[in-house]
Protein chains: 2
Amino acid sequence: MDALDRQIIAALRVNGRATYADLGRKVGLSASAVHERVGKLEATGVIVGYHAVVDPSAVGLGVTALVSIHPTDTADDDELAVSLAELVEVESCYRVAGDESFIVKVRVATVDDLERSLGRLRRIQGVARTRTTVVLSTRFEGRPNTDEVGDPRTGPEAGA
Amino acid sequence: MDALDRQIIAALRVNGRATYADLGRKVGLSASAVHERVGKLEATGVIVGYHAVVDPSAVGLGVTALVSIHPTDTADDDELAVSLAELVEVESCYRVAGDESFIVKVRVATVDDLERSLGRLRRIQGVARTRTTVVLSTRFEGRPNTDEVGDPRTGPEAGA
DNA sequence: TGTGAAAGTGTCAGAGA
DNA sequence: TCTCTGACACTTTCACA
């Protein structure tokens, strides 16, 4: 992982469909060299995947909520996580420090669906109670933090 | 937006680098037809973008926290959101219903950086106090919910 | 890493259902 | 309107140096 890898990663975070040739021009390598570097970054798990980001409301998922999951005394966190993963409306799942054991992000079509989803969550073995925070608007989400890709001395250089 | 569009979207959410030819084979269209459809989906804002997903710890961002932002009585939410957007470590920003006005996801390298980041957050005009929940592990994140792309009668058909 | 070459793909125009 | 075909340039992806 050198500066070139970090530049390639930064570019792919901004545009996941950039061609290897484009990336090569941007970082000053041939397309085949970029191809090999990206392959290694994928193989070593640095690049986990590529995803199209879709406007949730455009695909009928206009309601977002953040739900704290409070476990029972005897709950097994790993089993809980597996159960949470089985609900398709649970988009993200974080194991957290504090009273709650998990915080999940739920995405559904309507508040009725949210109510049903909360019912499913509460019925999971090991869930004592939930605390739901409804998202009114998403100002931004999953924004690429270009901070880490720059040299700590010179700062980020995403546009380079 | 018909069933074909939804299939294309579902495929691109799973693999954002799928070729038009691939997508065409998957949905039974020519590459050029897929090309045109994707172009329209991008132009109309259904597809917002394509991003490589990177293992945060691999790029030196091993610490994640969810921070509730409690506003002062006179705080302006829009100004607050703008200020939050200026902090590069704030990856996501949700305006929520409840006591807090925003919940943000912060991604930094170390707990020291987290401390500094919380200092920056608290110094923002309109922030009365913050409540921080440290993420111990991310079980999954930004998982494509394939539920919405299927026909409501037949259910999801992501693998089709 | 780069070069070179073959296979595959992107991306258009134009024509047809 | 939506789709397909055909054509060319570009890209991917390999072997070899």
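The figures that follow rest on heavy atoms only: side chains count, while hydrogens, waters and symmetry mates do not.
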Evaluate the side-chain proximity of His51(A) to Val14(B): yes if any heavy-atom separation is below 4.5 Å, no if none is. no

Go through [options] for me and flag the one nearest to the [X] side chain.
| X | options | answer |
| --- | --- | --- |
| His35(B) | dG2(C), dC12(C), dT13(D) | dC12(C) |
| Ala33(A) | dT3(C), dT12(D), dT1(C) | dT1(C) |
| Lys40(B) | dT3(D), dT3(C), dC2(D) | dC2(D) |
| Arg37(B) | dT12(D), dC12(C), dT3(D) | dT3(D) |
| Tyr20(B) | dT3(D), dG10(C), dT3(C) | dG10(C) |
| Ser30(B) | dC4(D), dT3(D), dT1(C) | dC4(D) |
| Ala21(A) | dC4(D), dT11(D), dT13(D) | dT11(D) |

Would one find more than 12 heavy atoms of other residues, nucleotides or ligands at under 6.0 Å from atom CG of Asp2(B)? yes

May I ask you to check whether over 12 heavy atoms, not counting those of Glu42(B), lie within 6.0 Å of atom CD? yes

Roughly, in whole Å, what's the span from [atom1] in [X] to [atom2] in [N]?
| X | N | atom1 | atom2 | result |
| --- | --- | --- | --- | --- |
| Leu29(B) | dT5(D) | CG | P | 11 Å |
| Glu36(B) | dA13(C) | CD | P | 11 Å |
| Asp22(B) | dT13(D) | CG | P | 10 Å |
| Glu42(A) | dT12(D) | CD | P | 12 Å |
| Arg17(B) | dG8(C) | CZ | P | 19 Å |
| Leu12(B) | dG10(C) | CG | C1' | 15 Å |
| Asp2(B) | dT1(D) | CG | P | 15 Å |

Go through the steps for Arg143(B) and Glu91(A) under the test salt bridge (Lys or Arg N to Asp or Glu O under 4.0 Å), then give the verdict. CA-CA 5 Å; Arg143(B) 191 172 61 157; Glu91(A) 189 186 283; over 6 Å; no

Taking OP1 and OP2 of dT11(D), is either one under 4.0 Å from a side-chain nitrogen or oxygen of Arg25(A)? yes

Residue pair Arg95(A), Asp78(A): steps toward the salt bridge (Lys or Arg N to Asp or Glu O under 4.0 Å) verdict: CA-CA 10 Å; Arg95(A) 172 96 176 80; Asp78(A) 286 323; over 6 Å; no

Given DNA chain D, 5'-ward residue of the pair Leu4(B) and Ala18(A), judged by closest heavy atom: Leu4(B)

How is Thr19(A) classified with respect to the nucleic acid when contacts are heavy atoms under 4.0 Å: base, sugar-phosphate, or nothing? sugar-phosphate

